[in-house]
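Read through the structure below, which is laid out as structure tokens, and then see the notes.
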Amino acid sequence: MIRSAPPSSVPAPVRAPLRRRERITEWLNEGALILPAAILLIVFLIGPFVMAGFLSFTNERLVPRPIPTRFVGFDNYARALGDPDFWQAFRNTFYFALLVVPLQLSISLGSAMLLNAKIHARSFFRTVTLLPLVTPITVVIVIWAALFQIPDGMLNNLLRLFGYDGAYVNWLGDARWAMPSIVLLSAWATFPFQMLIYLAGLQEIPVERYEAARIDGANAWAQFRYITFTGLRNVHVFVLITTTIQAFKLFVQVDLLTRGGPLGATNTLVRYMVQEGYSAQKIGYASAVAILFFVLVAGFALLQRALIPND
Amino acid sequence: MIRRLGRLLPTLVAVILAFVVLVPLSMMFTVSLNPDEARIQISLGTIEAFIPHVASLENYREVLSDPHQPFLRYLLNTLIVVAGIVGTGLIVNAAAAFALAWGRGPYRKAFLATVIAVYVIPGESLVLPLLLMMSRIGWVDSYQVQIFPFIANAFAIFLFYQFFSGMPRELIEAAKIDGAGLLQVFFRIGLPLSMPVVSTLAILGFLDAWNSYLWPMMVTRGPEYRPLSVAMAAYFTSQQAFWGNVMAFAVLMTLPVLIVYLIFQRWFVASVMSSGVKG
């Protein structure tokens, strides 16, 4: 991940030993720079993380109660792994990722190539395409709630326009359609992010390669397949992993639009954890879920580091 | 002829893409300008909901004067939290990264390794223990509970570190010979030179904080400290039948970000791009 060599590897110039006073001033200087971040990281990041691990072996509640908290060993983990609701949330989370990641990546790559090509009014199209990125997610949810209206919302009317002759699709109320609907909304909301990253990747591919390929008689498809797609290898890995991790974190869309329903069809791991820990106040149990979730996300993050070579 | 078509086809696809993006957004604006709630209800799925035909600010007046949902208060709360996180965060993270790059303490390698390691911890895994901590010390329902946990940021430290460690050694040494301590060198040379990183992180942090939902939902109880994102969700849930008002609220929440985006568009694009390539 680190592109430039850390300066510590550069041999320090030989210098006269510092006097005691100077050394103390130097320590104070360095301490003033590093300590605020160090303390905040320990208190608000490392601390809670260690706490999550610790709490996951207890029956701690959010609000203190008369019965003292005690250790329960691996009970919380055993309960989570034996709870059908946990597994449903687990499956839903993967299902969402499985649908949204390919959809979002193809839209992102396609639109990045489009906005990298010589088209009319390119800067206008760039400005417009990025708009979902600056629209707050809660606003996106509200807009799509209107589009998903039944029986005569925009999406249903659009289906009829293209010849759908059923009554209507109950986008969010039908267990089969609820997750795909959330996928549609989520892809719309965040594809410009991946698009920009692809755009940055495309601009790093030297133009000469395309020229050389054209001279060799490569057609448009061959150019895409062997120059564009191959040249973006590291970008693919980065975008694939980060988008997947982002997908695993799905929460606000389902919390607002479907409350995890219908019949738990859109409940996700994060929502399950929040329900157990915040709404039901079972902090100990939810911490076990949080640790399981961390293992999942960290596993994917490590995969990225393994797949992208460091230079 | 064929050559012209080949150039026109991508433009056509771009037009379709622009439509897909703009249609939902134009519905938000159009509906927000329509004071006739009954009319909105029956026309929500038709073309009428997408092309403005009346321009009344009645819905906006209602949103801004609703005593139970004080929009301006929510806006103020969001601004305070965003400014707190982004403003303090930039200094704190840049300072730490500068010490990591140019300090001499033996802790630096371990610190940097820790920063890279904690970067993979998803925030979602931390919210519950953090909530327990905050409720025990009585910070729930405040500004600081929304600001402090997000000031120090592994990604920001890492990005600053990459920048600072690429600075020429002579520059730092020269300043030190002039008698400046590391702290002074940071404020006089390091921080001013790192403006590209500052703007990248400011923009990404601004977007993040404006969007954050899970944590503020758990730690705010009422209008006093609640940010816009949570208020938007609550307003939507409580006013579901009143699309005009809901959309006016949505427009008001989007406008500040939209304006910032249109002004700083070039920096926006650059910051998102660099967040990916260097990561």
Side-chain angles (χ1 to χ4, degrees), chain A residues 4 6-8 25 29-30 32-34 36-37 40-41 44-45 48-49 51-52 55 62 111 114 117 119-120 125 127-129 131-132 134-139 142-143 146-147 149 152-154 156-157 193 196-197 200 238 249 251-252 256 270 277-278 283 286-287 290 293-294 297-298 301, chain B residues 10-11 13-14 17-18 21-22 24-25 28 44-45 92-93 95-96 98-99 101 103 105 108 118 120-122 124-126 128-130 132 148-149 151-152 157 162 165-166 181-183 186 210-211 213-214 218 229 232-233 236 243 246 250 253-254 257-258 261 265 269 272-273 276-277 279:
Chain A
S4 43
S8 53
T25 334
N29 265 296
E30 211 170 318
L33 286 172
I34 197 85
L40 287 167
L41 279 177
F44 292 108
L45 226 151
F49 183 64
M51 250 174 97
L55 290 170
L62 185 55
S111 44
L114 196 63
I119 55 170
H120 297 280
F125 285 118
T127 307
V128 167
T129 316
L131 287 175
V134 294
T135 313
I137 184 71
T138 40
V139 169
V142 166
I143 295 173
L147 301 180
Q149 282 284 294
D152 298 314
M154 193 213 77
N156 270 317
N157 284 346
F193 191 85
L196 280 180
I197 294 177
F238 173 80
K249 296 179 176 180
F251 172 72
V252 55
L256 279 179
V270 173
Y278 176 69
I283 291 273
S287 292
F293 182 68
F294 158 74
V297 169
Chain B
T11 312
V13 180
L17 183 69
V21 167
L22 284 177
L25 292 172
M28 168 174 72
L44 202 55
V92 165
N93 295 318
F98 196 73
R108 292 179 300 143
V118 297
V120 304
I121 303 177
E124 286 77 2
S125 284
L126 304 176
L128 292 169
L130 206 55
L132 185 71
F148 274 84
I151 293 177
I157 294 176
Q162 277 193 318
S165 55
L182 202 60
L183 201 60
F186 167 67
W210 203 273
N211 270 320
Y213 175 79
L214 176 57
M218 295 200 300
S229 56
M232 174 81 258
F236 166 63
W243 284 113
V246 169
M253 180 182 177
T254 312
V257 204
L258 198 64
Y261 165 64
Q265 199 189 343
V269 172
V272 175
M273 280 182 168
V277 178

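Order of the sequence lines sets the chain letters (A, B, ...), proteins ahead of strands, with each chain counted from 1.
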* **Contact leader toward chain B among A:Leu45, A:Thr25, A:Leu55, where contacts are heavy-atom pairs under 4.5 Å** => A:Leu45
* Asked: Do the non-hydrogen side-chain atoms of B:Ser229 and B:Asn211 ever get within less than 4.5 Å of each other?
  -> no
* To do: Work out which heavy atom in B:Ala99 is nearest to a heavy atom in B:Arg108; give both atom names and the distance.
  => O-CD, 3.4 Å
* To do: Give the member of A:Val142, A:Leu256, A:Val297 that has the highest number of heavy-atom pairs under 4.5 Å with chain B.
  => A:Val142
* Taking every heavy-atom pair that is under 4.5 Å apart, which of A:Thr135, A:Leu147, A:Ile119, A:Asn156 has the most such pairs with chain B? -> A:Ile119
* Asked: For A:Leu41, is it the side chain, the backbone, both, or neither that has a heavy atom closer than 4.5 Å to a heavy atom of chain B?
  -> both
* Determine the option with the most heavy-atom pairs under 4.5 angstrom with chain A, choosing from B:Val120, B:Val246, B:Ile121. => B:Ile121
* To do: Find out whether B:Pro122 and A:Phe294 are in side-chain contact, i.e. whether some heavy atom of one side chain is under 4.5 Å from a heavy atom of the other.
  => yes
* Asked: Hey, does B:Thr254 have a side-chain heavy atom less than 4.5 Å from the side chain of B:Met28?
  -> yes
* Asked: Is there side-chain contact between B:Tyr213 and A:Ile137, with at least one heavy-atom pair below 4.5 Å?
  -> no
* Structure fact -> Okay, B:Leu182 and chain A: the region with an atom under 4.5 Å from a heavy atom over there is both
* Structure fact -> chain B shares the most heavy-atom pairs under 4.5 Å, among A:Pro36, A:Ala146, A:Ala37, with A:Ala146
* Which of A:Leu114, A:Thr129, A:Asn157 touches chain B most, by non-hydrogen pairs under 4.5 Å -> A:Leu114
* Structure fact -> Looking only at B:Ala96, B:Ala14, B:Gly103, the option with the highest number of non-hydrogen pairs under 4.5 Å against chain A is B:Ala14
* **Side chain / backbone / both / neither for A:Thr127 at chain B, heavy atoms under 4.5 Å** => both
* Toward chain B, the part of A:Leu62 with a non-hydrogen atom under 4.5 Å -> both
* Can you see which heavy atom on A:Gly277 is nearest to which on A:Ile283, and at what distance? => O-CD1, 4.0 Å
* If you take all heavy atoms of A:Gln149 and B:Trp243, which pair is closest and at what distance? -> NE2-CZ2, 3.5 Å
* Taking side chain as C-beta onward, heavy atoms only, is B:Val269 less than 4.5 Å from B:Tyr261? -> no
* Asked: With a 4.5 angstrom heavy-atom cut-off, which part of A:Ile143 approaches chain B: side chain, backbone, both or neither?
  -> both
* Based on non-hydrogen pairs under 4.5 Å, which of B:Leu214, B:Ile157, B:Asn93, B:Leu258 is most in contact with chain A? -> B:Leu214
* **Full working for side chain to side chain contact (heavy atoms under 4.5 Å, CB included) between A:Leu33 and B:Leu183** => CA-CA 7 Å; A:Leu33 286 172; B:Leu183 201 60; 3.5 Å; yes
* **Under 4.5 Å from any heavy atom of chain B - which part of A:Ala286** => both
* Structure fact -> Bottom line for B:Gln265: the part with an atom under 4.5 Å from chain A's heavy atoms is side chain
* **Toward chain B, the part of A:Phe125 with a non-hydrogen atom under 4.5 Å** => side chain
* When heavy-atom pairs shorter than 4.5 Å are enumerated against chain A, which of B:Pro24, B:Gly105, B:Ala250 gives the highest number? -> B:Pro24
* **Minimum heavy-atom distance between B:Gly181 and A:Asn29, given as atom pair plus value** => CA-ND2, 3.7 Å
* Asked: What part of A:Val134 lies closer than 4.5 angstrom to a heavy atom of chain B: side chain, backbone, both or neither?
  -> both
* Pairwise side-chain contact, A:Phe49 with B:Val118, heavy-atom cut-off 4.5 Å (strictly under) -> no
* Asked: Can you name the closest pair of heavy atoms from B:Met253 and B:Trp210 and give their distance?
  -> O-NE1, 3.4 Å
* Structure fact -> Okay, A:Phe251 and chain B: the region with an atom under 4.5 Å from a heavy atom over there is side chain
